[in-house]
K.L.:
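Dropping a structure here in structure tokens format, bear with me for questions.
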Amino acid sequence: MPSSIRKLTGRIGAVVEGADLTAPPERSTTTPLRQALDEHKAIVFDQVHLDNAGQERVAGWFGELTTTHRNVPAADGTTNVLAVDSETSKADEWHKDVTFVVDPPQLTTLRSIVTTLYGGETLIANAATAYRDLPEPLRALADPLRVVHTNQYDYAHPSAASVLRAEYDLNRVTVAGDVPVGVDGRRSEQLLGDIWHYGKVLEVAA
């Protein structure tokens, strides 16, 4: 069982201390971790030493694993681990991972292997609180809309050989490159831009 779960910011994140990620999963450990993830949206473990198999094992505590990414192959010797190198695969757009499939992953695990003295941060935002804090007229405008997610616009591999699409309510999940259904291209870009700009301002101010 974790010795402590310490909140990091007003909107997102908590540090988990005292959890043994090398031990077999027990409900006394997995239940508080699941609760912390649901509440804080992102949880951080410090001084953890896992290999690819260990990362897959711990990720499995939260549910059945999906494939890594439809556009990018898994790392050698793994099924569910995607190698991310800031020199070749960094993202410069806000996004949620693999939303272009019918059942997108509920979460992503990140394991730091090489840490720089400065820079290289992974920024994470709480889209739920950002959405709830939208002005009522903007939220009312967005609520009835649906968006099409596609891997044609993807930070990891822009030119996908196989095009995948999935459609969701706009307030379920939105990422850069989404297109609201029933809204012309220019207006959809402006609408999502307004929502994302407002959300980012709130996150920075939190």
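Nothing fancy with the numbering, it's 1 onward along the sequence. Owing to the predicted nature of the structure, the values given are computational and were not obtained by experimental measurement.
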K.L.:
What I want to find out is whether R139 reaches D133 closely enough, with some N-O distance under 4.0 Å, to be called a salt bridge.
P.N.:
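Judged by the 4.0 Å cut-off on N to carboxylate O distance, R139 and D133 do not form a salt bridge.
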
K.L.:
Tell me the closest heavy-atom pair linking R57 and T22, and the distance in Å.
P.N.:
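Smallest heavy-atom distance, with atoms named: NH2-CA, 3.7 Å.
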
K.L.:
Considering all heavy atoms of both residues, which atom of I12 and which atom of H40 are nearest to each other, and what is their separation?
P.N.:
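So the two residues come closest at CG1-O, 3.3 Å.
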
K.L.:
For T78 and E56, which heavy atoms make the closest approach, and how far apart are they?
P.N.:
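What the structure gives for the nearest pair is CB-OE2, 3.8 Å.
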
K.L.:
Measure the spacing between OG1 of T129 and CZ of R11 and express it to the nearest 0.5 Å.
P.N.:
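Between atom OG1 of T129 and atom CZ of R11 there are 4.0 Å.
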
K.L.:
Counting only heavy atoms not in E136, do more than 12 fall under 6.0 Å of its CD?
P.N.:
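It does: E136 CD has more than 12 such atoms within range.
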
K.L.:
Would a 4.5 Å heavy-atom cut-off, applied to side chains only, mark L50 and V58 as touching?
P.N.:
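Contact flag for L50/V58 side chains = yes.
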
K.L.:
When you measure from the side chain of T31 to the backbone of R27, do you find a donor-acceptor pair of N or O atoms at a distance under 3.5 Å?
P.N.:
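A pair under 3.5 Å: yes.
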
K.L.:
Closest approach of H49 and Q47, non-hydrogen atoms and distance?
P.N.:
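Heavy atoms of H49 and Q47 come nearest at CD2-O, 4.1 Å.
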
K.L.:
Using the side-chain contact (heavy atoms from CB on, under 4.5 Å) rule, pick out the option among N80, L110, V81 that qualifies with Q55.
P.N.:
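So the option named by the test is V81.
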
K.L.:
Heavy atoms only: give me the nearest I43-L33 pair and the separation to one decimal.
P.N.:
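Smallest heavy-atom distance, with atoms named: CD1-O, 4.0 Å.
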
K.L.:
If you define the side chain from C-beta out and look only at heavy atoms, does anything of L107 sit under 4.5 Å from L37?
P.N.:
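The answer is yes, as the side chains (C-beta and beyond) meet within the 4.5 Å cut-off.
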
K.L.:
Rounded to the nearest 0.5 Å, what separation is found between the CD atom of E64 and the CD atom of Q106?
P.N.:
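The distance works out to 10.5 Å.
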
K.L.:
Quick one: are W61 and L21 in side-chain contact, heavy atoms under 4.5 Å?
P.N.:
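The answer is yes; the side chains approach within 4.5 Å.
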
K.L.:
First locate atom OG1 of T30, then atom CD of Q35, and finally report the distance between them rounded to the nearest 0.5 Å.
P.N.:
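Reported value, rounded in 0.5 Å steps: 9.5 Å.
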
K.L.:
Is the number of heavy atoms from other residues, nucleotides or ligands under 6.0 Å of D38 CG greater than 12?
P.N.:
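It does: D38 CG has more than 12 such atoms within range.
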
K.L.:
With hydrophobic residues grouped by side-chain heavy-atom distances under 4.5 Å, do F62 and V48 end up in a single group?
P.N.:
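Result: yes, single cluster for both.
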
K.L.:
Provide the closest heavy-atom pair for A14 versus I5 in the form atom of the first, atom of the second, distance.
P.N.:
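Between these two residues, the closest heavy atoms are CB-CG2, 3.9 Å.
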
K.L.:
What distance separates K7 NZ from E39 CD, expressed to the nearest 0.5 Å?
P.N.:
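These two atoms lie 7.0 Å from each other.
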
K.L.:
Got a sec, which residues hit side chain to side chain contact (heavy atoms under 4.5 Å, CB included) with E17, two or more places apart in sequence or on another chain?
P.N.:
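Per chain and number, E17 pairs via side chain to side chain contact (heavy atoms under 4.5 Å, CB included) with S3, S4, R6, V15.
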
